[in-house]
**Student:** 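Quick one: structure below, then a few questions.
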Amino acid sequence: MKINFYNSLTNQQEEFKSIQDGVVKMYSCGPTVYDFAHIGNFRSFLFGDLMRRFLELVGYEVQHVMNITDVGHMVEGEADKMLAAASRVKENKKSGRVPEGAIEDPNDPYQIADYYTKAFLDDANKLGYKVAAEYPQSMPRATDYIEGMIKMIERLIERGHAYVASDGVVYYSVESFPEYGNLSGNTMDKLQSGAGGRVSDQNQSMKKHPADFLLWKPDQKHIMKWESPWGVGYPGWHIECSVMAAEKLGQDVIDIHTGGEDLIFPHHECEIAQSCGCSGESHFANYWVHARFLFVEGDKMSKSQGNFYTARDVFEGKVTGKPVHPAVLRFELIKSHYRSNMNFTKKGLTDSANTVMKLIELRQELESKAEGKMAEVDLSNPVLNDFATALADDLNIAGALAVMHTWIKSDHSDPALSLAIWDKMNSVLAIAPIGGEGVSDADDGGSDDEGEAMRLEMVAAREAKDYAKSDELRDKLIAAGYDVQIGKTEVTIKKKLA
RNA sequence: GGCGCUGGAGCCUGAUGGUAAGGCGACUGCCUGCAAAGCAGUUUUAAGUGGGUUCGAUUCCCACCGGCGUCUCCA
């Protein structure tokens with residue numbers, strides 16, 4: 001099957017070929033762990049997950065690594081991120097968002113990072129992020145790789161790509177790497193120093209070139225610091241990804257590197273400069289694939305706008321007023337193309353809930369009809385072939401979903417076959433539980449005691465032909481988030497997914 | 001200003017040089033005590049603007065306009 005991805009490096013769709021036959025090595029830039037991850041973060045992460053799962057569907061063995069950034073990097077002119085996190089944690093403890101006892105000492109950055117790392121893994125797991133669910137060893141933490149970063153910096157100095165400035169700071173010399181700017185288009189002559197308004201002139205004076213970026217900063221006072229040949233201090237932001245990608249994936253050139261579009265410059269540009277500067281190879285990753293940003297109800301998501309949602313905000317019902325099943329959020333976040341700005345809306349969420357419910361019900365129906373039988377199916381199956389072919393076209397998810405919708409409506413006279421097709425599609429979509437997947441099925445269509453009590457009361461009322469009472473109970477159940485169906489003699493209720 | 005992406009019905013969107021497909025929603029009917037769900041049907045003047053190529057352009061090309069990202073915190 002011919003697979004195309006849009007490569008940010010060349011600004012065009014390219015046919016995908018892996019370096020090693022049948023194996024794909026991919027790296028995704030992960031979260032910084034000094035706050036809960038938001039739905040925008042997850043849109044980008046889940047796009048990487050979708051890509052991974054698609055590649056597996058078509059037969060690749062995928063080695064997917066995602067880092068956890070737990071080093072508090074210095075932000076010029078602002079407080080250190082970990083220090084900022086410390087004060088936020090103190091506030092969150094007061095408000096109860098961070099439970100009592102979860103972080104004993106908010107002034108200990110390791111405890112903060114550890115807490116938010118666990119929270120992230122928990123969210124990612126619920127959302128069916130395969131690496132978090134099944135390969136936690138492929139999620140390295142930056143603080144465990146300081147030694148490797150120091151080695152890479154030493155090698156970059158040896159090879160003439162880095163220098164120690166007069167203030168003791170180690171910088172990467174962009175002029176030593178003519179390819180700098182190939183990914184972002186921000187070549188050295190075009191870079192307008194400080195056009196983004198984030199650079200202070202002060203820190204520029206020690207550099208050989210304004211675009212030179214930091215590799216190691218000696219700083220005794222920094223909240224997280226390590227010994228190094230250049231004094232006690234901390235590493236630059238970009239070096240961790242170069243080091244962890246090489247160490248975890250075991251080679252200098254990898255197949256795919258993903259991330260949010262904002263990471264193209266400077267982060268990914270700098271990663272390329274570091275990795276290639278160190279290895280001498282012409283490429284760090286052969287395919288750079290970036291996800292567009294997410295909007296909320298047509299606006300940019302921002303804390304000041306009040307439309308800033310973490311994944312757990314959505315789960316807990318802070319967006320819709322009702323709890324949302326993680327599978328619904330996952331589906332909502334992956335159902336639009338990764339290179340378009342998706343618009344996250346309440347309506348979209350309820351739409352997704354309907355689709356997810358429909359799929360789950362179809363599977364339950366197929367399962368009971370199949371009576372334990374399961375067919376073997378592969379991509380020679382026309383439905384799956386159409387599904388995979390759509391995704392092979394730069395992850396055309398809408399096309400794949402169109403295939404799926406058509407298939408749902410089609411004839412399912414061979415339930416064992418349909419079940420197998422369903423599971424194959426779901427191995428990519430991961431919106432409902434199949435053996436060992438990350439999404440819990442605890443509340444898929446079930447009901448709790450309170451709902452059950454109301455249901456029984458309703459049945460009794462109906463036997464007594466007390467329709468007023470029956471209707472009242474029905475309204476209550478609906479308000480409590482149930483779908484209520486009244487049959488000839490029975491009443492069934494189902495917890496809605498969103 | 002540079003570089004890059006993007007523009008379709010109420011919403012999300014597929015394919016496509018020749019009738020623009022599907023999903024959601026909405027509406028109607030069957031069903032129901034009434035609903036819901038399900039099934040059937042309806043939702044027919046939907047492609048930012050202006051040029052160009054063409055017998056014919058939503059599709060290819062150019063310009064413009066709008067939206068978005070980036071230009072040293074960032075998914």
Side-chain angles (χ1 to χ4, degrees), chain A residues 6 8 11 28-32 37-48 69 73-81 84 174 181 183-187 189-200 203-204 207 210-214 236-238 258-267 269-270 290-295 298 300-301 332 335-343 345 347-348 350-355 357-358 361 390 393 396-406 408-409 462 465 467-468 470-471 474-475 477-478 482-488 491-494:
Chain A
Y6 184 91
S8 305
N11 287 320
S28 299
C29 285
T32 42
H38 56 74
I39 53 175
N41 297 128
F42 277 112
R43 140 94 149 159
S44 160
F45 300 150
L46 290 177
F47 133 73
T69 300
H73 293 105
M74 187 66 181
V75 182
E76 294 179 69
E78 281 177 45
D80 178 274
K81 292 253 175 169
V174 294
L183 175 67
S184 61
N186 291 327
T187 49
D189 53 313
K190 284 180 185 157
L191 271 174
Q192 284 184 30
S193 180
R198 299 186 205 159
V199 171
S200 63
N203 289 308
Q204 293 294 77
K207 298 181 186 177
D212 287 355
F213 56 93
L214 189 152
W237 169 44
H238 314 298
T258 72
E261 59 176 330
D262 56 324
L263 294 181
I264 294 172
F265 193 92
H267 186 54
E269 197 74 76
C270 295
H290 294 98
R292 297 302 310 262
F293 265 36
L294 162 147
F295 278 54
K300 274 196 243 186
M301 183 169 77
E332 175 66 13
K335 79 178 180 187
S336 50
H337 189 79
Y338 73 94
R339 277 194 301 115
S340 62
N341 281 118
M342 82 154 291
N343 190 15
T345 60
K347 188 175 174 302
T350 47
D351 287 356
S352 289
N354 289 338
T355 307
M357 187 56 108
K358 202 177 278 183
E361 283 175 356
D393 177 17
N396 178 0
I397 183 71
L401 292 178
V403 172
M404 185 189 79
H405 280 297
T406 311
I408 289 173
K409 283 190 168 176
R462 296 184 61 75
K465 300 227 184 282
Y467 291 120
S470 171
D471 289 353
R474 179 171 64 197
D475 291 346
L477 279 162
I478 289 169
Y482 288 95
D483 257 340
V484 182
Q485 298 195 29
I486 298 168
K488 289 254 185 249
V491 174
T492 53
I493 59 172
K494 277 186 305 187

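Chain A is the first sequence line, chain B the second, and so forth, proteins listed ahead of strands; every chain is numbered from 1.
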**Student:** Does A:R474 get its side chain close enough to the base of B:A35, under 3.5 Å, for a donor-acceptor pair?
**Tutor:**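 Check passes, donor-acceptor contact within cut-off.
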
**Student:** Which base sits across from B:U53 as a Watson-Crick or G-U pair, both distances under 3.5 Å?
**Tutor:**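 Pair assignment: B:U53 / none.
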
**Student:** For A:R339 and A:S8: C-alpha separation, side-chain torsions, deciding distance, then whether side-chain contact (heavy atoms from CB on, under 4.5 Å) applies.
**Tutor:** CA-CA 11 Å; A:R339 277 194 301 115; A:S8 305; over 6 Å; no

**Student:** Between B:A15, B:U13, B:A75, which one does the side chain of A:A398 approach most closely?
**Tutor:**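 Side chain of A:A398 sits closest to B:U13.
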
**Student:** Please check the phosphate of B:A37 (OP1 and OP2 only) for any side-chain N or O of A:N354 closer than 4.0 Å.
**Tutor:**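 It does not, given that no N or O in the side chain of A:N354 lies less than 4.0 Å from OP1 or OP2 of B:A37.
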
**Student:** For B:A15 and B:A36, measure between their C1' atoms and round to the nearest Å.
**Tutor:**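 Pairwise C1' distance, B:A15 against B:A36, rounds to 36 Å.
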
**Student:** B:A75, B:G25, B:A35: which one has an atom nearest the side-chain heavy atoms of A:K347?
**Tutor:**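 Among B:A75, B:G25, B:A35, the one nearest the side chain of A:K347 is B:G25.
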
**Student:** Considering every strand and a 4.0 Å limit on heavy-atom distances, what is the contact class for A:L401: base, sugar-phosphate, or nothing?
**Tutor:**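 It contacts nothing in the nucleic acid.
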
**Student:** Which of the following nucleotides, B:U13, B:A75, B:G2, is nearest to the side chain of A:N186?
**Tutor:**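 For A:N186, the side-chain atoms sit closest to B:G2.
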
**Student:** When rounded to the nearest Å, what value does the distance between P atoms of B:G51 and B:A57 take?
**Tutor:**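 That atom pair is separated by 12 Å.
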
**Student:** Do A:F213 and A:V174 come within less than 4.5 Å of each other through their side chains, counting heavy atoms only?
**Tutor:**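 Yes, close enough: below the 4.5 Å cut-off.
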
**Student:** Does any non-hydrogen side-chain atom of A:N354 lie less than 4.5 Å from one of A:K358?
**Tutor:**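 A side-chain contact under 4.5 Å is absent here.
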
**Student:** Is there a side-chain contact between A:M301 and A:F295, using heavy atoms and a 4.5 Å cut-off?
**Tutor:**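 When only atoms from C-beta onward are counted, A:F295 and A:M301 do not touch, as no gap falls below 4.5 Å.
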
**Student:** Describe the nucleic acid contact of A:H267 in one word from base, sugar-phosphate, nothing, applying a heavy-atom distance below 4.0 Å.
**Tutor:**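 Since no nucleic acid heavy atom lies under 4.0 Å of A:H267, the category is nothing.
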
**Student:** I want to confirm an ordering. Mapping A:R462 and A:K409 to their closest nucleotides on RNA chain B, which one lands closer to the 5' end?
**Tutor:**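 Mapping each residue to its closest nucleotide by heavy atoms, the 5'-most match is A:K409.
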
**Student:** Can you identify which nucleotide, out of B:U13, B:A75, B:U72, has its nearest atom closest to the A:K207 side chain?
**Tutor:**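 It is B:U72.
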
**Student:** Would you measure the distance from the P atom in B:A35 across to the matching atom in B:G29 and give it in whole Å?
**Tutor:**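 Comparing P positions in B:A35 and B:G29 gives a spacing of 10 Å.
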
**Student:** Among B:A75, B:C71, B:C24, find the nucleotide with the atom closest to the side chain of A:P266.
**Tutor:**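 Given the options B:A75, B:C71, B:C24, the side chain of A:P266 is closest to B:C71.
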
**Student:** For B:C60 and B:U6, measure between their P atoms and round to the nearest Å.
**Tutor:**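 Those two atoms are separated by 11 Å.
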
**Student:** Give A:K465 one of three labels, base, sugar-phosphate or nothing, depending on what nucleic acid heavy atoms sit under 4.0 Å from its own.
**Tutor:**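 No contact at all - A:K465 keeps every heavy atom at 4.0 Å or more from the nucleic acid.
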
**Student:** Give a yes/no on whether any side-chain N or O of A:R339 is located under 4.0 angstrom from OP1 or OP2 of B:U6.
**Tutor:**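 Yes, such a contact exists.
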
**Student:** Contact class for A:F42 vs. all strands (heavy atom < 4.0 Å): base, sugar-phosphate, or nothing?
**Tutor:**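 Here A:F42 touches no strand at all.
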
**Student:** Check every atom of B:A75, B:C34, B:C71 against the side chain of A:F265 and return the nucleotide holding the closest atom.
**Tutor:**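 So the side chain of A:F265 is nearest to B:C71.
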
**Student:** B:A15, B:C5, B:A37: which one has an atom nearest the side-chain heavy atoms of A:N11?
**Tutor:**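 Nearest to the side-chain atoms of A:N11, counting from C-beta on, is B:C5.
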
**Student:** Counting the atoms with a prime plus P, OP1 and OP2 as sugar-phosphate, which does A:L263 contact under 4.0 Å by heavy atoms, base, sugar-phosphate, or nothing?
**Tutor:**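 Sugar-phosphate only.
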
**Student:** Rounded to whole angstrom, note down the P distance from B:A63 over to B:A40.
**Tutor:**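 That atom pair is separated by 49 Å.
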
**Student:** Roughly how many Å apart are B:U43 and B:G7, using the P atom of each and rounding to a whole number?
**Tutor:**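 About 27 Å, rounded to a whole number of Å.
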
**Student:** So, is A:S8 close to the B:U70 phosphate, meaning a side-chain N or O under 4.0 Å from OP1 or OP2?
**Tutor:**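 The answer is no; no side-chain N or O of A:S8 sits under 4.0 Å from OP1 or OP2.
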
**Student:** Which one is paired to B:G66, where only Watson-Crick or G-U wobble pairs with both distances under 3.5 angstrom count?
**Tutor:**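 Partner of B:G66: B:U6.
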
**Student:** Any side-chain N or O of A:K300 under 4.0 Å from OP1/OP2 of B:C68?
**Tutor:**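 It does not, given that no N or O in the side chain of A:K300 lies less than 4.0 Å from OP1 or OP2 of B:C68.
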
**Student:** Once you round to the nearest 0.5 Å, how far does NZ of A:K300 lie from CG of A:N341?
**Tutor:**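 Reported value, rounded in 0.5 Å steps: 10.0 Å.
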
**Student:** Looking at B:U45, which nucleotide sits across from it as a Watson-Crick or G-U wobble partner, both distances under 3.5 angstrom, or is there none?
**Tutor:**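 Here B:U45 is not engaged in any pair, so there is no nucleotide opposite it.
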
**Student:** Counting Watson-Crick and G-U wobble pairs only, both distances under 3.5 Å, name the nucleotide matched with B:A75, or none.
**Tutor:**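 Check on B:A75: unpaired, no WC or wobble geometry under 3.5 Å.
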
**Student:** What is the minimum heavy-atom distance between A:K335 and A:G348, and which atoms define it?
**Tutor:**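 Looking at all heavy atoms of both residues, the closest pair is NZ-O, 3.5 Å.
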
**Student:** Could one point to a donor on the side chain of A:N341 or the base of B:G7 with an acceptor on the other under 3.5 Å away?
**Tutor:**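 No, no donor-acceptor pair under 3.5 Å.
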
**Student:** Could you give me the CA-CA distance, side-chain angles and deciding distance for A:H405 and A:T355, then say whether side-chain contact (heavy atoms from CB on, under 4.5 Å) is met?
**Tutor:** CA-CA 9 Å; A:H405 280 297; A:T355 307; 4.0 Å; yes

**Student:** State, with a plain yes or no, whether a side-chain heavy atom of A:P31 is found less than 4.5 Å away from one of A:F45.
**Tutor:**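 Yes, at least one pair of side-chain atoms sits under 4.5 Å.
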
**Student:** Planes under 30° and centres closer than 5.5 Å, is that true for A:F293 with the base of B:A75?
**Tutor:**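 Taking the rule of under 5.5 Å and under 30°, the ring of A:F293 does stack on B:A75.
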
**Student:** What does A:D393 touch in the nucleic acid at a heavy-atom separation under 4.0 angstrom: a base, only the sugar-phosphate, or nothing?
**Tutor:**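 Contact class for A:D393: sugar-phosphate only.
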
**Student:** If you measure from the C1' atom in B:G18 to the same atom in B:G56, how many Å do you get, rounded?
**Tutor:**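 The same atom, C1', in both gives a distance of 7 Å.
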
**Student:** Under a 4.5 Å cut-off applied to non-hydrogen side-chain atoms, are A:I39 and A:E332 in contact?
**Tutor:**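 Answer no - side chains too far apart.
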
**Student:** Counting only Watson-Crick pairs (N1-N3 plus N6-O4 or O6-N4) and G-U wobbles (N1-O2, O6-N3), all under 3.5 Å, who is the partner of B:U58?
**Tutor:**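 When the pairing criteria are applied, nothing turns out to pair with B:U58, so the answer is none.
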
**Student:** If the cut-off is 4.0 Å, is A:K358 near the phosphate of B:C24, judged by side-chain N/O to OP1 or OP2?
**Tutor:**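 True: A:K358 side-chain N/O within range (under 4.0 Å) of B:C24 OP1/OP2.
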
**Student:** Considering only B:C5, B:G10, B:C68, which nucleotide approaches the side chain of A:E261 most closely?
**Tutor:**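 Nearest nucleotide to the side chain: B:C68.
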
**Student:** May I ask you to say what A:F47 touches in the nucleic acid, namely base, sugar-phosphate or nothing, with a heavy-atom cut-off under 4.0 Å?
**Tutor:**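 No contact at all - A:F47 keeps every heavy atom at 4.0 Å or more from the nucleic acid.
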
**Student:** Looking only at the side chain of A:D351 (C-beta and beyond, no hydrogens), which of the listed nucleotides B:A15, B:G25, B:C68 gets closest?
**Tutor:**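 Side chain of A:D351 sits closest to B:G25.
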
**Student:** Considering only B:U13, B:A75, B:G33, which nucleotide approaches the side chain of A:T32 most closely?
**Tutor:**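 Per side-chain heavy atoms of A:T32, the pick is B:A75.
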
**Student:** By nearest nucleotide on RNA chain B, pick out whichever of A:T406 and A:Q485 is the more 5' one.
**Tutor:**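 This one resolves to A:T406.
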
**Student:** Base, sugar-phosphate, or nothing for A:L294, non-hydrogen atoms under 4.0 angstrom?
**Tutor:**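 Counting heavy atoms under 4.0 Å across all strands, the contact made by A:L294 includes a base.
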
**Student:** Heavy atoms under 4.0 Å, any strand shown: does A:G40 hit a base, just sugar-phosphate, or nothing?
**Tutor:**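 Touches a base.
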
**Student:** When rounded to the nearest Å, what value does the distance between P atoms of B:U16 and B:C24 take?
**Tutor:**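 Nearest-Å result for B:U16 against B:C24 at atom P: 23 Å.
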
**Student:** Strictly by Watson-Crick or wobble contacts shorter than 3.5 Å, is anything paired with B:C39, and which nucleotide is it?
**Tutor:**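 Checking every strand shown, B:C39 finds its partner in B:G29, with both distances under 3.5 Å.
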
